[in-house]
Student: 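One structure is given below, represented as structure tokens, and several questions about it will come after.
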Amino acid sequence: MATERYNAREVEARWQETWNEKDVFVTHNDDPRDKYYVLEMFPYPSGRIHMGHVRNYAMGDVVARFKRAMDFNVLHPMGWDAFGMPAENAAMQNNVHPKDWTYQNIATMRDQLKIMGLSLDWSREFATCDVAYYTQQQRLFLKFLDAGLVYRKNAKVNWDPVDMTVLANEQVIDGRGWRSGALVEQRELTQWFFKISDYSEDLLEAIDTLDRWPDKVRLMQKNWIGRSEGLRVRFEFFGAAPTGDTTLEIFTTRPDTLFGASFMGLSPDHPISIKLAETNPELQSFIDECRRVGTSEEAIEKAEKKGIDTGLRVKHPLDASIELPVYVANFILIDYGTGAIFACPAHDQRDLDFARKYGLNVKPVVLPKDADPATFEIEDEAFTEDGTIFNSGFMNGMTIADAKQAVAEKLERTQVNGQAQAKRQVNYRLRDWGISRQRYWGCPIPVIHCDSCGVVPEKYENLPVKLPDDINFDKPGNPLDRHPTWRETSCPNCGKPAKRESDTMDTFVDSSWYFARFTAPGCDQPTDPDAATKWLPVDQYIGGIEHAILHLLYSRFFTRAMQKVGAVDLKEPFKGLFTQGMVTHETYKSDQGEWLSPAEIKINETNGNRIAVHADSGLPVTIGAIEKMSKSKKNTVDPTDIIETYGADTARWFMLSDSPPERDVIWTEEGVQGSWRFVQRVWRLVNDLATNARRHEIDLAKSNGKALDLRRATHKTLDGVTKDLEALGFNRAVAKLYEFTNVIGKAAQQAGKDQQLDACLYEAAECLVQMFAPMMPHLAEECWSVLGHKVLVSQAKWPSVEKTLLIDETITMPVQINGKRRGEISVPREASKEDVEAATLQEDFVKRALDGNPPRKVIVVPQRIVNVVA
RNA sequence: GCGGACGUGGCGAAACUGGUAGACGCAAGGGACUUAAAAUCCCUCGACUUCGGUCAUACGGGUUCGAGUCCCGUCGUCCGCACCA
């Protein structure tokens with residue numbers, strides 16, 4: 001009875017239609033069952049979905065379908081992170097409106113997602129560029145403003161003087177604008193900020209409550225917030241600085257190394273640096289040079305350490321006879337501490353590099369354990385580890401921690417100009433969140449600039465502040481800024497003519513609350529507090545590791561801010577977090593050095609050597625490294641092509657196989673084909689059993705022999721797969737299902753001969769189908785129907801494990817002699833340690849190893865292992 | 001530069017809290033079926049070996065009856081760094 005080949009395209013379309021017709025995945029807020037909210041990070045509508053999306057959404061869909069089978073009321077929505085720069089770039093390059101470009105991309109990508117067969121509630125879909133969405137975001141902004149969580153201050157941006165536009169850090173390449181190639185300058189602009197720093201301590205402390213987050217993400221967030229306890233110390237100038245200051249205030253976390261101070265460092269943006277530069281052209285040009293490095297911390301810290309002596313001198317706070325020079329240095333960040341430091345080159349690498357360059361003093365004050373104080377010297381590497389303080393007067397012999405205490409106490413009591421010389425301070429690396437963007441395609445900031453009243457929030461009843469459609473990108477700069485009429489409005493306060501703010505919000509704002517919006521997507525307020533309370537927090541959030549810090553931290557802040565204004569009633573938005581790895585692929589280069597796509601090449605394998613040639617020309621091709629799929633390296637595979645050839649189930653199955661989900665996965669053609677073969681094999685097997693095994697009204701519990709063995713395998717697999725899916729161990733679940741399919745395949749050779757075995761085969765087949773249903777839902781529906789079910793497998797309850805079948809009466813224990821495996825014994829499961837030991841010593845291979853001597857020791861780990869020490 | 005992770009056969013990997021290293025899949029080789037091919041099915045598959053074993057989880061040490069797993073150090077690869085999303 002030849003079963004027809006499984007036709008994925010036809011079958012998948014048919015079941016998708018059925019799900020759609022029956023509204024199988026539409027979720028109701030009034031469903032009384034326990035809720036489960038699973039969410040994958042929503043995509044940016046870049047044009048087409050890529051394999052990374054397939055992997056991300058396949059994982060989320062497995063969770064959604066699995067939890068649904070566990071009888072939860074599952075919320076599994078989808079939307080679009082639709083504002084952002086690529087739409088404006090497309091507008092400039094292809095003369096297409098950002099709005100049209102975005103909505104067209106959404107339409108394409110929605111279709112692509114739909115053919116993946118994801119169990120999404122599409123009725124809740126929205127895009128962040130929908131007026132309805134950003135209206136509510138503007139409302140939230142105003143509420144935050146009322147609550148004191150928003151303010152304005154000056155901040156630096158990268159400025160392209162040729163394109164007359166603000167550049168993102170990624171648009172600055174080696175200090176030049178990506179399009180114009182012009183040297184980038186820094187400009188100060190007045191910008192809007194969210195006061196995330198109000199929550200520094202809370203955001204840090206609450207990390208410990210996020211026990212279903214990966215440890216590495218929690219650690220990264222802790223380091224990002226960067227709490228440090230230190231000392232603010234005021235150093236007295238000899239004379240005064242040109243700003244009139246008589247002291248220079250610095251922040252340090254290493255006051256214990258104060259006796260190792262060699263010089264003072266000012267940020268190029270420090271007020272004293274700027275004042276001095278007015279009369280010092282050399283310093284001015286140095287500051288200008290620093291500003292061309294860009295605003296990213298990476299660029300600043302990677303640059304060679306450089307500086308200029310200001311000529312100013314300060315007194316050492318612990319020894320007035322020591323005079324320290326004050327430098328302006330390029331590695332000091334204005335945003336951290338006070339923008340000024342004291343440098344101890346012996347115990348800080350940056351300070352050491354600087355001191356070596358300018359021939360400054362290097363005096364070690366922390367002595368490593370076992371080092372000789374008479375000969376210990378610093379060479380090219382600063383000593384930053386633990387040790388004992390020396391060369392430091394009253395602190396000599398102390399530990400670092402004690403010295404920090406001692407110096408803080410002393411300086412707190414010392415007076416300089418009537419103030420304490422130092423005070424203890426907790427400092428955070430976390431800075432307030434600047435949200436102003438000088439761009440068109442974003443959520444307009446709903447404020448108005450009035451000549452009389454200043455900056456005035458727009459009235460709630462006047463929302464939304466809509467983006468105008470009649471704009472163009474034929475000139476550089478922000479189209480909102482130069483729109484003929486859009487900025488003109490009247491002051492909500494005094495009614496006089498006034499101008500709208502033309503900055504729009506950072507797109508991270510859009511993605512900081514979308515998860516709350518999904519709980520009541522049509523609400524005429526940002527959230528429906530009842531719905532939000534019912535659904536939040538998100539039980540399982542899944543997305544890329546690249547969002548480990550910013551997006552997740554901003555969302556955590558936003559949730560607190562929303563709680564403050566009454567929009568939600570919780571602090572932490574994501575109870576469970578999973579960060580999946582990337583999809584990678586080999587890269588190929590022609591002999592001309594051009595990147596080639598996998599579709600353009602052919603691979604021949606001879607004697608294990610893989611040789612690539614150009615598919616058309618036959619010219620040689622170099623096989624390069626395996627890298628993250630990216631358009632620039634052309635090593636991408638289009639999910640639509642794969643799905644057309646093999647079907648969505650095969651693509652999903654392959655994305656979940658092999659690699660652990662948190663690790664990168666390599667896309668290979670052979671791997672997909674392996675998945676495809678499995679789909680066909682399951683299809684044949686299920687059809688075979690549906691025809692030959694038949695269901696029988698028989699008590700399965702009376703099974704014995706082969707039938708019992710099969711039942712044991714069924715329930716052990718069910719138990720294992722259930723646990724694996726619970727823990728998101730998709731690759732382990734897949735391996736178990738392969739193994740189980742092999743077991744059923746063997747047992748199926750006896751189908752039709754024995755009713756008891758047939759009944760167990762039927763049970764096995766049904767369990768198999770249900771277990772892979774979350775991963776390959778279309779194939780599962782088709783198989784489920786072939787097995788005679790009228791209800792959808794998507795709506796069936798997860799089968800329950802018979803615990804008694806998980807326990808074997810006899811177990812095999814490996815026997816080690818001196819820690820090396822030498823054989824094994826079979827013992828009853830409940831055998832005592834003594835019985836196991838006795839049985840072990842009876843074995844010939846043990847007797848031979850002992851050579852007539854008694855064992856020195858026998859270690860029995862029940863149900864695990866026996867180790868005989870000879 | 002700072003911060004974070006990862007490293008096991010030809011390849012992707014498995015191994016629950018320290019207890020049989022390599023399950024499962026891919027690739028490869030051999031065989032069956034076929035006029036042939038595809039598909040399918042069966043077998044082999046870490047290295048060395050005097051066939052007793054020996055060596056193997058990036059490398060070098062350590063703890064332990066026992067280490068892929070714990071500790072110290074080294075090397076390599078990848079990710080994030082606040083205006084990409």
Side-chain angles (χ1 to χ4, degrees), chain A residues 5 41 43-44 46 81 83-86 155 157-158 166-172 191 214-217 219-220 222-224 226 295-303 305 331 335 349-350 353 429-439 506-508 510-511 544-551 553-554 581-582 584 605 607-608 610 625 627-628 654 657-660 662-666 668 670-671 673-675 677-678 680-681 684 723 727 729 731-732 734-739 742 745 812-824 856-859 861 864-869:
Chain A
R5 242 170 119 71
M41 290 178 186
Y44 178 78
S46 55
D81 188 12
F83 276 134
M85 290 203 307
V157 292
N158 299 308
V166 176
L167 296 177
N169 283 335
E170 69 157 10
Q171 298 174 320
V172 180
Q191 308 206 52
D215 286 342
K216 65 174 167 181
V217 175
L219 193 57
M220 283 161 95
K222 279 186 184 174
N223 289 332
W224 187 260
T295 56
S296 86
E297 195 170 310
E298 183 190 5
I300 293 166
E301 294 208 12
K302 261 191 189 160
K305 309 285 171 280
F331 62 94
D335 294 307
Q349 192 60 46
R350 290 166 301 184
D353 293 345
R429 210 182 74 97
L430 180 65
R431 310 198 292 257
D432 276 334
W433 175 11
I435 60 154
S436 296
R437 297 292 182 271
Q438 295 68 40
R439 300 185 204 291
D506 178 8
T507 56
F508 271 125
D510 312 340
S511 56
I545 184 69
E546 67 273 20
H547 294 293
I549 298 173
L550 291 179
H551 162 60
L553 192 63
Y554 290 153
M582 297 177 302
T584 60
E605 184 156 347
N607 304 328
R610 299 174 69 241
E627 298 192 57
K628 175 180 177 171
F654 177 54
S657 305
D658 289 357
S659 283
E662 68 277 10
R663 221 182 282 181
D664 290 353
V665 65
I666 304 174
T668 61
E670 293 83 2
Q673 282 170 7
S675 298
R677 280 199 295 272
F678 182 67
Q680 295 296 346
R681 215 168 114 219
R684 282 194 307 272
K723 284 175 179 152
N731 59 319
R732 295 195 302 267
V734 165
K736 288 190 178 86
L737 290 175
Y738 269 115
E739 215 168 350
N742 291 341
T812 307
M813 289 175 77
V815 176
Q816 295 184 332
I817 292 165
N818 294 331
K820 289 201 194 302
R821 183 180 178 278
R822 285 290 182 270
E824 53 189 34
R856 285 207 290 157
K857 200 171 173 187
V858 179
I859 295 149
V861 184
R864 273 258 127 98
I865 201 164
V866 185
N867 190 9
V868 180
V869 185

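As a basis for the values below, the full set of heavy atoms in this structure was taken, side chains included, without hydrogen atoms, waters or symmetry mates. What you are looking at is a predicted structure, and each value in this text was computed from that prediction instead of being measured. First the proteins, then the strands, lettered A, B, ... as listed; each starts at 1.
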Student: Regarding A/D353, tell me which of base, sugar-phosphate or nothing describes its non-hydrogen contacts under 4.0 Å with the strands shown.
Tutor: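 A/D353: no heavy atom of the nucleic acid under 4.0 Å.
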Student: Of A/Q191 and A/P660, whose closest RNA chain B nucleotide lies nearer the 5' terminus?
Tutor: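 Its nucleotide being nearer the 5' end, the pick is A/P660.
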Student: Just to be sure I understand the rule, does A/S436 reach a base, reach only the sugar-phosphate, or reach nothing, if contact means heavy atoms closer than 4.0 Å?
Tutor: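 Base contact.
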Student: Expressed in whole Å, how much space separates the P atoms belonging to B/G18 and B/G80?
Tutor: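 Here B/G18 and B/G80 have their P atoms 33 Å from each other.
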Student: Check whether any side-chain N or O of A/N169 sits under 4.0 Å from OP1 or OP2 of B/C84, and answer yes or no.
Tutor: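 No.
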Student: When the C1' atoms of B/G61 and B/A14 are compared, how many Å lie between them, rounded to an integer?
Tutor: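 These two C1' atoms come out 28 Å apart once rounded.
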Student: Tell me: CD of A/E170 to P of B/C84, nearest whole Å?
Tutor: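 Rounded to whole Å, this separation is 5 Å.
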Student: Decide side-chain contact (heavy atoms from CB on, under 4.5 Å) for A/N169 and A/E298; before the verdict, give the C-alpha distance in whole Å, the side-chain angles of both, and the deciding distance to 0.1 Å.
Tutor: CA-CA 10 Å; A/N169 283 335; A/E298 183 190 5; over 6 Å; no
Student: Please state the P separation for the pair B/G46 and B/A36 - nearest whole angstrom.
Tutor: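 That atom pair is separated by 32 Å.
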Student: Does any part of the side chain of A/W224, heavy atoms only, come nearer than 4.5 Å to the side chain of A/L550, both counted from C-beta?
Tutor: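 A/L550 reaches A/W224 side chain to side chain.
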Student: Between C1' on B/G53 and CG on A/N818, what's the gap in Å once rounded to a whole number?
Tutor: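 Distance check: A/N818 CG to B/G53 C1' gives 15 Å.
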Student: Answer whether the closest heavy-atom distance between the side chains of A/D510 and A/D81 falls below 4.5 Å.
Tutor: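 A/D510 vs A/D81: side chains touch.
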Student: Would you call the rings of A/F678 and A/Y738 parallel, tilted or perpendicular if under 30° counts as parallel and over 60° as perpendicular?
Tutor: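 Tilted.
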Student: Identify whether any heavy atom of A/F508 sits under 4.0 Å from a base atom; if not, whether one sits that close to sugar-phosphate; answer base, sugar-phosphate or nothing.
Tutor: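 The residue A/F508 makes base contact.
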Student: Is A/L430 touching bases, backbone alone, or none of the nucleic acid, heavy atoms closer than 4.0 Å?
Tutor: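 Counting heavy atoms under 4.0 Å across all strands, the contact made by A/L430 includes a base.
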Student: Grab the CG-P distance between A/N867 and B/G18 for me, whole Å please.
Tutor: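 It is 17 Å, rounded to the nearest whole Å.
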Student: What distance, rounded to whole Å, do you find between the two C1' atoms, one in B/C24 and one in B/C75?
Tutor: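 My reading of the C1' atoms in B/C24 and B/C75 gives 32 Å.
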Student: So, OP1 or OP2 of B/A13: does either fall under 4.0 Å of a side-chain N or O from A/R732?
Tutor: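 No, outside the criterion.
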Student: Does any donor atom in the side chain of A/N731 or A/S659 lie under 3.5 Å from an acceptor atom in the other side chain?
Tutor: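 A/S659 and A/N731 do not have a side-chain donor-acceptor pair below 3.5 Å.
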Student: Taking the side chain as C-beta and beyond, is there a heavy-atom pair between A/T507 and A/Y44 under 4.5 Å?
Tutor: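 The answer is no; the side chains never approach within 4.5 Å.
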Student: Looking at NZ of A/K222 and CG of A/D215, how far apart are the two atoms once the value is rounded to the nearest 0.5 Å?
Tutor: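 Between A/K222 NZ and A/D215 CG, I get 9.0 Å after rounding to 0.5 Å.
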Student: So, is A/R677 close to the B/A27 phosphate, meaning a side-chain N or O under 4.0 Å from OP1 or OP2?
Tutor: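 For B/A27, OP1 or OP2 has a side-chain N or O of A/R677 closer than 4.0 Å.
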Student: In terms of side-chain heavy atoms of A/T507, which of B/A85, B/C83, B/A82 is nearest?
Tutor: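 The answer is B/A85, which lies nearest to the side chain.
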Student: If you assign A/R431 and A/S657 each to the RNA chain B nucleotide with the nearest heavy atom, which residue ends up on the more 5' nucleotide?
Tutor: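 Looking at the nearest nucleotide for each, A/S657 comes out on the 5' side.
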Student: Rounded to whole angstrom units, what separation is found between the CD1 atom of A/I300 and the P atom of B/G80?
Tutor: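 Spelled out: CD1 on A/I300 to P on B/G80 is 19 Å.
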Student: Write down the atom of A/G544, the atom of A/M41, and the distance for their closest heavy-atom approach.
Tutor: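 Residues A/G544 and A/M41, closest heavy atoms: N-SD, 3.7 Å.
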Student: Measure the distance from OH on A/Y554 to C1' on B/A85 and round it to the nearest whole Å.
Tutor: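 So the OH-C1' distance, A/Y554 to B/A85, works out to 13 Å.
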Student: Evaluate the criterion salt bridge (Lys or Arg N to Asp or Glu O under 4.0 Å) for residue pair A/R429 and A/E297; output intermediate values, then yes/no.
Tutor: CA-CA 12 Å; A/R429 210 182 74 97; A/E297 195 170 310; 3.1 Å; yes
Student: So do the side chains of A/R822 and A/V868 get within less than 4.5 Å of each other, counting heavy atoms only?
Tutor: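 They are not in side-chain contact.
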Student: Round to a whole Å and report the spacing from CZ of A/R821 to C1' of B/G22.
Tutor: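 To the nearest whole Å, that distance equals 13 Å.
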Student: Give the dot-bracket line for RNA chain B from 5' end to 3' end: parentheses for intra-strand Watson-Crick or G-U pairs under 3.5 Å, square brackets for crossings, | for inter-strand pairing, dots for unpaired.
Tutor: (((((((..(((......[....))).(((((.......))))).(((....)))..(((((..]....))))))))))))....
Student: Over all strands shown, is A/R822 touching base, sugar-phosphate only, or nothing at heavy-atom distances under 4.0 angstrom?
Tutor: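 Touches sugar-phosphate only.
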Student: On a plain distance test, is the side chain of A/E298 in donor-acceptor contact with the base of B/C81 below 3.5 Å?
Tutor: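 A donor-acceptor contact between them is present.
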Student: Give me the distance, rounded to whole Å, that separates B/G10 from B/U49 when you measure between the P atoms they each carry.
Tutor: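 Comparing P positions in B/G10 and B/U49 gives a spacing of 16 Å.
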Student: Taking the C1' atom in each of B/U74 and B/C79, what is the distance between them to the nearest angstrom?
Tutor: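 Looking at atom C1' only, B/U74 and B/C79 are 22 Å apart.
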Student: Base, sugar-phosphate, or nothing for A/V166, non-hydrogen atoms under 4.0 angstrom?
Tutor: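 Answer is base: heavy atoms of A/V166 come under 4.0 Å of a base.
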Student: Would you call B/G52 syn or anti, using the 90° rule around 0?
Tutor: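 Here the answer is syn: the torsion falls within 90° of 0.
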Student: If I pick the C1' atom on B/G22 and the same atom on B/U69, what distance separates them, to the nearest angstrom?
Tutor: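 My reading of the C1' atoms in B/U69 and B/G22 gives 15 Å.
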Student: Taking any heavy-atom pair under 4.0 Å as a contact, classify A/H547: base, sugar-phosphate, or nothing.
Tutor: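 Touches a base.
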Student: Counting side-chain heavy atoms from C-beta on, which of B/A27, B/A82, B/U20 comes nearest to A/Q816?
Tutor: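 The answer is B/U20, which lies nearest to the side chain.
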Student: Compare all side-chain heavy atoms of A/E301 with those of A/R350 and state whether any distance is below 4.5 angstrom.
Tutor: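 Answer yes - side chains close enough.
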Student: Checking one value: the base orientation of B/G18, syn if chi is within 90 degrees of 0, otherwise anti.
Tutor: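 In terms of base orientation relative to the sugar, B/G18 is anti.
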Student: Please give, in whole Å, the distance from B/C83 C1' to A/L167 CG?
Tutor: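 From A/L167 CG to B/C83 C1': 9 Å.
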Student: Determine: side-chain N/O of A/N731 to OP1/OP2 of B/A14, distance under 4.0 Å, yes or no.
Tutor: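 A/N731 to B/A14 OP1/OP2: side-chain N or O found under 4.0 Å.
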Student: Would you give the length of the straight line joining atom CE of A/M220 to atom CG of A/L553, rounded to the nearest 0.5 angstrom?
Tutor: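 A/M220 CE to A/L553 CG: 12.0 Å, rounded to 0.5 Å.
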Student: Quick one, A/I545 and A/V217 - any side-chain contact, counting heavy atoms below 4.5 Å?
Tutor: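 Counting from C-beta outward, A/I545 and A/V217 do come under 4.5 Å.
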Student: Between A/D658 (CG) and B/C26 (P), how many Å, whole number?
Tutor: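 Result: 9 Å.
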Student: Is there a side-chain contact between A/N742 and the phosphate of B/G25, meaning an N or O under 4.0 Å from OP1 or OP2?
Tutor: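 So the side-chain polar atoms of A/N742 do come within 4.0 Å of the phosphate oxygens OP1 or OP2 of B/G25, strictly under.
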Student: Counting any heavy atom closer than 4.0 Å, what does A/Q438 reach on the DNA or RNA strands: base, sugar-phosphate only, or nothing?
Tutor: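 A/Q438: base contact, heavy atoms under 4.0 Å.
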Student: Is A/N818 close to A/V869 at the side-chain level, that is, under 4.5 Å between some pair of heavy atoms?
Tutor: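 The answer is yes, as the side chains (C-beta and beyond) meet within the 4.5 Å cut-off.
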Student: Within the 4.0 Å limit for protein heavy atoms, which parts of nucleotides 70-78 of chain B are touched? Write it as a string from 5' to 3', B for base, S for sugar-phosphate only, - for none.
Tutor: ---------
Student: Would you please confirm or rule out a distance under 4.0 Å between OP1 or OP2 of B/G12 and any side-chain N or O of A/S659?
Tutor: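 Result: no.
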Student: Suppose you measure atom P in B/A21 against the same atom in B/A27; what distance do you get, rounded to whole Å?
Tutor: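 About 29 Å, rounded to a whole number of Å.
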Student: Side chains of A/N742 and A/R681: do they bring a donor and an acceptor to under 3.5 Å?
Tutor: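 Side chains of A/N742 and A/R681: pair found under 3.5 Å.
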Student: Walk along nucleotides 2-9 of chain B from 5' to 3' and tag each nucleotide B, S or - by protein heavy-atom contact under 4.0 Å, base first, then sugar-phosphate.
Tutor: SSSS-S--
